[in-house]
> 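One structure, pasted below without further comment.
Every chain is numbered from 1, with letters handed out A, B, ... down the list of sequences.
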Number of protein chains: 2
Amino acid sequence: MFDSRTTLAWSQDEHGVPAAVCKDCAVRQDSLCGTLGDQDLSALHKLGRRRHLHRGEAIAWAGEESRDCANILSGILKVSALTHDGREQIVGLLYPSDFVGQPFMGSFDFTVTALGDAEVCIFPRSDFERFLSTRNHLTQALLRRTFDTLSDARKRMLLLGRQSASERIADFLLQMLDRTGGCSASAGGPVTFDLPLSRGAIADVLGLTIETVSRQMTKLKIAGVIGLPGGRTVTIVKREELRHVANAA
Amino acid sequence: MFDSRTTLAWSQDEHGVPAAVCKDCAVRQDSLCGTLGDQDLSALHKLGRRRHLHRGEAIAWAGEESRDCANILSGILKVSALTHDGREQIVGLLYPSDFVGQPFMGSFDFTVTALGDAEVCIFPRSDFERFLSTRNHLTQALLRRTFDTLSDARKRMLLLGRQSASERIADFLLQMLDRTGGCSASAGGPVTFDLPLSRGAIADVLGLTIETVSRQMTKLKIAGVIGLPGGRTVTIVKREELRHVANAA
DNA sequence: CGACTGTTTGATATATATCAATAAGAGTGG
DNA sequence: CCACTCTTATTGATATATATCAAACAGTCG
């Protein structure tokens, strides 16, 4: 495994910035670290280390003391809740540059699992709390992120409580389109991209069953709104029509 | 209307603490203000004013620039989202001592409305932001509150996505029991309290219809788990049985 | 008392879950 | 490169929970 602290030993520039690691970090600008100056970045860097997560591996468990915080470098993680009889609801998705963890909070009520292979930049929670305590602007940045996450969660509450299966699927596809960007042959034309989630995971995000997800997708395919070339690939053919089906707020 | 600033003029103790207002404030200890010392409390007090809200009155509107932050003094407010065709989902309930608003965030995507008459201690957002900026411990306290709110929202996502109507109702009743405390004739015996929400509001919280809420309640009554003496009054007869029905995480 | 709002109850419709089978990929090892 | 297993996805038949439509029934406030 790649250990960032080792790298620090042999490569940092005159400001003490860990050159080979944070400066080259793909998510540096978009992550919480983006607000940090060189000095602080270097200090934070010393607290963290990179870690690879295999598909299905967890970094936080519902009900347990939360030991770490992390920035996502690559891959997608799910935040999920379970009923005691095993039904699952995915209550959040974490993408590269997203922050995981709850500084200043003892326990965390959800499980965080890598949906595919992933890489994270991980910090012991107590170290991270100490780091935050003397940097109000960073606490503020985290607060802003948390408000955003809360708004997302609440929007999905509307989805789960009040929208039909077709609305949920359309909404989900549009969100995925925004996320991935996708690839289009001609401007304004059909856009193709791969869903980063299995049908089962989509069902757990949308509060549906696998079968309903599948059926709604083929319904959209038959209607000519999307294409399903196979696997997890989707083509958005009529984006406006899809937006119309989504019908959201 | 009662203006707290007027009070400040004629009653504060030697530390500059607004005696008749903040010191006597019913929610002082439980609210965000609870973390403040006398100096800071006095400074914050100057920024805010009390405001009475009539039943149905809103203090924030979805999609609009959020002008204010506030502490709830009395009453219950709802945070709600609407689909464009008018279906409503209540995505949060605010009780006395709860904080409303999103400092450092321009817009707010939900509407906040008083369910009954209510009183709030309201601050212009920009003033409150300036106040927070120089007080890291307060920013931290707000961050902790926001994490709690997020956890609540996510737990309700599990409820909305994966639980049956009877589970939702049982869960809701237990939460209300915890909130209100209720009143019991004998320890461990039946507990009676008034629901602060109409059937319609309960339906909007739980993602159900009024009729389903009503039916599930009478089902619990017939089963002898609860009593419904009339109006919004509920008696919890078999708390363990109710917990069993709730079946939660 | 009568209009009104909120609640309960009933009959029926419908969306989605459930159960079940088939099909399509994706690895794995011979 | 071809079986072989495993997982994932699609499709079908049916069940069921909850929504919808509709009416009766309280409370409440003029």
Side-chain angles (χ1 to χ4, degrees), chain A residues 54-56 78 83 85-90 115-117 159-173 194-223 226-235 245 247, chain B residues 54-56 78 83 85-89 115-117 159-173 194-223 226-234 245 247:
Chain A
H54 294 283
R55 168 190 158 76
K78 67 175 178 183
T83 59
D85 59 335
R87 286 165 284 170
E88 178 173 358
Q89 176 67 44
I90 294 180
L115 282 173
D117 283 17
L159 192 92
L160 294 172
R162 293 298 186 206
Q163 308 208 189
S164 68
S166 48
E167 288 171 320
R168 296 183 204 201
I169 292 290
D171 185 293
F172 177 80
L173 289 174
D194 275 22
L195 294 170
L197 306 187
S198 70
R199 296 292 135 95
I202 296 171
D204 287 338
V205 168
L206 300 180
L208 301 169
T209 58
I210 289 180
E211 295 95 322
T212 304
V213 171
S214 184
R215 273 188 253 268
Q216 292 295 335
M217 301 263 271
T218 60
K219 208 170 110 189
L220 287 171
K221 184 175 83 173
I222 290 165
I226 64 172
L228 295 170
R232 293 181 179 177
T233 310
V234 185
T235 304
V245 175
N247 192 42
Chain B
H54 294 282
R55 167 191 160 76
K78 68 176 180 183
T83 59
D85 59 336
R87 288 165 282 170
E88 177 172 359
Q89 176 66 43
L115 281 173
D117 282 17
L159 191 92
L160 294 172
R162 293 300 188 204
Q163 307 209 189
S164 68
S166 48
E167 290 171 320
R168 296 182 204 202
I169 292 289
D171 186 293
F172 177 80
L173 289 175
D194 274 22
L195 292 171
L197 306 187
S198 70
R199 295 299 195 271
I202 296 172
D204 287 339
V205 168
L206 300 178
L208 300 170
T209 58
I210 289 182
E211 295 94 322
T212 303
V213 170
S214 182
R215 275 188 252 269
Q216 292 295 336
M217 302 263 270
T218 60
K219 208 171 111 189
L220 287 171
K221 183 175 84 175
I222 290 166
I226 65 172
L228 295 171
R232 293 181 179 178
T233 309
V234 185
V245 174
N247 192 41

> Rounded to the Å, how far apart are L195(B) CG and dT7(C) C1'?
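After rounding, the reported distance stands at 13 Å.
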> Are the side chains of L228(B) and T233(B) in touch, meaning some heavy atoms are under 4.5 Å apart?
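Not in contact.
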> Rounded to whole angstroms, how far apart are CZ on R55(A) and P on dA26(C)?
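Spelled out: CZ on R55(A) to P on dA26(C) is 13 Å.
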> Hey, which of these two, S164(B) or S214(A), hits DNA chain D nearer its 5' end, going by closest nucleotide?
S214(A)
> Less than 4.5 Å apart, side chain to side chain, heavy atoms only: is that true for R87(A) and N247(B)?
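In contact.
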> In Å and rounded to the nearest 0.5 Å, what is the OG to NZ distance from S214(B) to K219(B)?
13.0 Å
> Find the distance M217(B):CE to dT9(C):C1' and express it as a whole number of Å.
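These atoms are roughly 15 Å apart.
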> Please state how far atom CD1 in I210(B) lies from atom C1' in dA24(D), giving the value in whole angstrom units.
16 Å
> Output the rounded distance in Å from CZ (R87(A)) to C1' (dA17(C)).
12 Å
> Using side-chain heavy atoms (C-beta onward) and a distance below 4.5 Å, is P196(B) in contact with L115(B)?
no
> Give a yes/no answer on whether the side chain of T212(B) brings an N or O atom under 4.0 Å of OP1 or OP2 in dA19(D).
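Checking dA19(D) against T212(B), a side-chain N or O does come within under 4.0 Å of OP1 or OP2.
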> Per the atom types in the model, does the base of dT20(D) pair as donor or acceptor with the side chain of R215(B) at under 3.5 Å?
yes
> When the distance from CD of Q216(A) to P of dT10(D) is rounded to whole Å, what number comes out?
13 Å
> Run K78(B) and D204(B) through salt bridge (Lys or Arg N to Asp or Glu O under 4.0 Å) and show every step you take.
CA-CA 10 Å; K78(B) 68 176 180 183; D204(B) 287 339; 5.5 Å; no
> side-chain contact (heavy atoms from CB on, under 4.5 Å) with F172(A): which of L159(A), V213(A), L195(A), L208(A)?
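Testing F172(A) for a side-chain contact (heavy atoms from CB on, under 4.5 Å) against L159(A), V213(A), L195(A), L208(A) leaves exactly one candidate, L195(A).
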> Starting at atom CZ of R232(B), determine the distance to atom P of dG6(C), rounded to an integer number of angstrom.
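Going from CZ in R232(B) over to P in dG6(C) covers 8 Å.
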> To the nearest angstrom, how far is E211(B) atom CD from dC25(D) atom P?
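Atom-to-atom, E211(B) to dC25(D), this comes out as 17 Å.
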> Please list, by residue number, the residues of residues 196-209 of chain B whose heavy atoms come closer than 4.0 Å to an atom of DNA chain C; answer none if no residue qualifies.
S198(B), R199(B), G200(B)
> Measuring from atom CD of E211(B) to atom CZ of R215(B), what distance do you get when rounded to the nearest 0.5 angstrom?
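Spacing of CD (E211(B)) from CZ (R215(B)) equals 6.5 Å.
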